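Note sheet for the following structure.
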There are 2 protein chains.
Amino acid sequence: MGQNDQRHRNKNKIPMVVIKRLPLYHRYLSLLASRDINRISSAELAAKVGITPSQLRQDLSWFGSFGQQGYGYRVQELLGEISKIIGIDQAVPVVLVGAGHLGKAIANYQNFERKGFVIKAIFDNNPGLIGLVVNGLKIRNITGLKHYIQQEKIEMGIITVPAEVAQQITDEMVAAGIKGILNFAPISLNVPSDVTVEHVHIGDSLMVLKYMINHSKIKEEE
Amino acid sequence: MGQNDQRHRNKNKIPMVVIKRLPLYHRYLSLLASRDINRISSAELAAKVGITPSQLRQDLSWFGSFGQQGYGYRVQELLGEISKIIGIDQAVPVVLVGAGHLGKAIANYQNFERKGFVIKAIFDNNPGLIGLVVNGLKIRNITGLKHYIQQEKIEMGIITVPAEVAQQITDEMVAAGIKGILNFAPISLNVPSDVTVEHVHIGDSLMVLKYMINHSKIKEEE
DNA sequence: TAGATTGTTAATCGATTAACAATC
DNA sequence: TAGATTGTTAATCGATTAACAATC
């Protein structure tokens, strides 16, 4: 922070590769914070996440200056800044649609809260599931989805419904004001251009893994 | 294919970005094949996957020449070649460890087989789960894991156990001969250098999504 | 102060795109 | 054959790394 925040490169062209490294930094900084470490240099942090110190400093410089010459970074402060950049400095409310095995697994996934996300409601259309409680949340009737999203002004949703109904659910969510969807259904979702979809392709990860097994470590990554 | 396979660039440095696009090509080619489309040009396929024709042809050229001037690519043939490159031309056997909600969700995920992977066995340590049948597979006692992997010469495993036991399970799997692990447990796994781990970070996807919502589409991707 | 380490500019490296001769 | 489209080489663009002056 300081007197020179305005000379940074045009924020409208921050590269996607940089954005994708933010969660990585967040993860390691959280780890350090949980161990009550309160100071770290770019060299140390970079070593931990497996990149060069230059890249770490270069990445951060897209957003501002958060360190101090001769000292390094204050862990809590940098973690806070990165959280702000990502937009998780305030807990982000999320709806989960689909309370099958995958939905339940996600609802029970404790880590979300630590990452800044809170599942506020779970929806399903199965009468056998509606009313059941998962991780303290009663499964709601899907008929109330739209109203809930509007009422609570939720912007993010996670879809774990079968592929056949995923597009329909998406349309409802979008109509209600959802701006980002994490999609687990194995189908491409059509959304307007102001809505972002991240598709979780587990098959892709398996394929990359299989390739790497066969060709034993082509090039480092992650 | 043909008379000039040997002039390709050193296969030992195929860039990771290229490998990561292979599943994308595989997915769209599968789609085309399922629609009985049997011819496609690099221009058409590239448009579908959202890249330039140059990039598609450049990517493929790392592995060989699979097209025909003036014609394009035979969908089935190219799909087959890409499957071979990834290593999924023969069904790849996989073990799944952890039969909780996430494990069950994955075991029921029909898409795996279409992607070239077959879950051959599911393991858990919970007596209440052992013996239950999920998607036609009886949940086995975790005590038999090592023996099964060795016996069946399985190279890939999916871990959906709680974080507390993930490392221990990993060690067992590695000792039994597993070469690649898809890890869903929120913990970094230590493995020898000849074993590859792909970590599924759902939190990362949510963070990138949240950033993109706030900054409404920085740069295209996926 | 002297030593350490940042933020940034410049140099390098790698990936993407353009262009086109080869050829089906 | 004429038209289309590949595979590849060369040009461009972007991302990573190196280097260092600024400064805590």
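First the proteins, then the strands, lettered A, B, ... as listed; each starts at 1. Note that the structure is predicted; figures quoted are calculated from it, not measured.
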Starting from [atom2] on [N], measure out to [atom1] on [X] and report it in whole angstrom.
X     : N      : atom1 : atom2 : value
A/L56 : C/dG7  : CG    : C1'   : 12 Å
A/I19 : D/dA15 : CD1   : C1'   : 14 Å
A/R74 : D/dC24 : CZ    : P     : 12 Å
B/L60 : D/dT9  : CG    : P     : 16 Å
A/M16 : D/dA15 : CE    : P     : 12 Å
A/D59 : C/dG7  : CG    : P     : 12 Å
A/I14 : D/dG14 : CD1   : P     : 15 Å
A/Q58 : D/dA19 : CD    : C1'   : 13 Å

So does [Y] get a backbone contact from the side chain of [X], meaning a donor-acceptor N/O pair under 3.5 Å?
X      : Y      : answer
A/H215 : A/Y211 : yes
B/N183 : B/I187 : yes
B/N111 : B/K115 : no

Before giving the answer on side-chain contact (heavy atoms from CB on, under 4.5 Å), spell out for B/F63 and B/I82 the whole-Å C-alpha distance, their side-chain angles and the decisive distance to 0.1 Å. CA-CA 9 Å; B/F63 306 102; B/I82 288 179; over 6 Å; no
In terms of side-chain heavy atoms, does B/E44 have a donor or acceptor partner in B/S41 at a distance below 3.5 Å? yes
Under a 3.5 Å threshold, yes or no: a donor from one side chain and an acceptor from the other, between B/D59 and B/Q55? no
Watson-Crick or G-U wobble partner of D/dA10, both distances under 3.5 Å: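 When the pairing criteria are applied, C/dT17 turns out to be the nucleotide that pairs with D/dA10.
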Give none if D/dA22 has no partner; otherwise give the nucleotide forming a Watson-Crick or G-U wobble pair with it, both distances under 3.5 Å. C/dT5
How does protein reach along nucleotides 1-6 of chain C, written 5' to 3' as B (base within reach of a heavy atom under 4.0 Å), S (only sugar-phosphate), or - (no contact)? ---BBB
Which residue in the set B/R39, B/R74, B/E77 passes side-chain hydrogen bond (donor to acceptor under 3.5 Å, both in side chains) when paired with B/Q68? B/R74
Nearest of C/dA19, C/dT16, D/dT16 to any side-chain atom of B/Q55?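 Selected nucleotide: C/dT16.
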How would you label the contact of B/T52 with the nucleic acid (heavy atoms, under 4.0 Å): base, sugar-phosphate, or nothing? sugar-phosphate
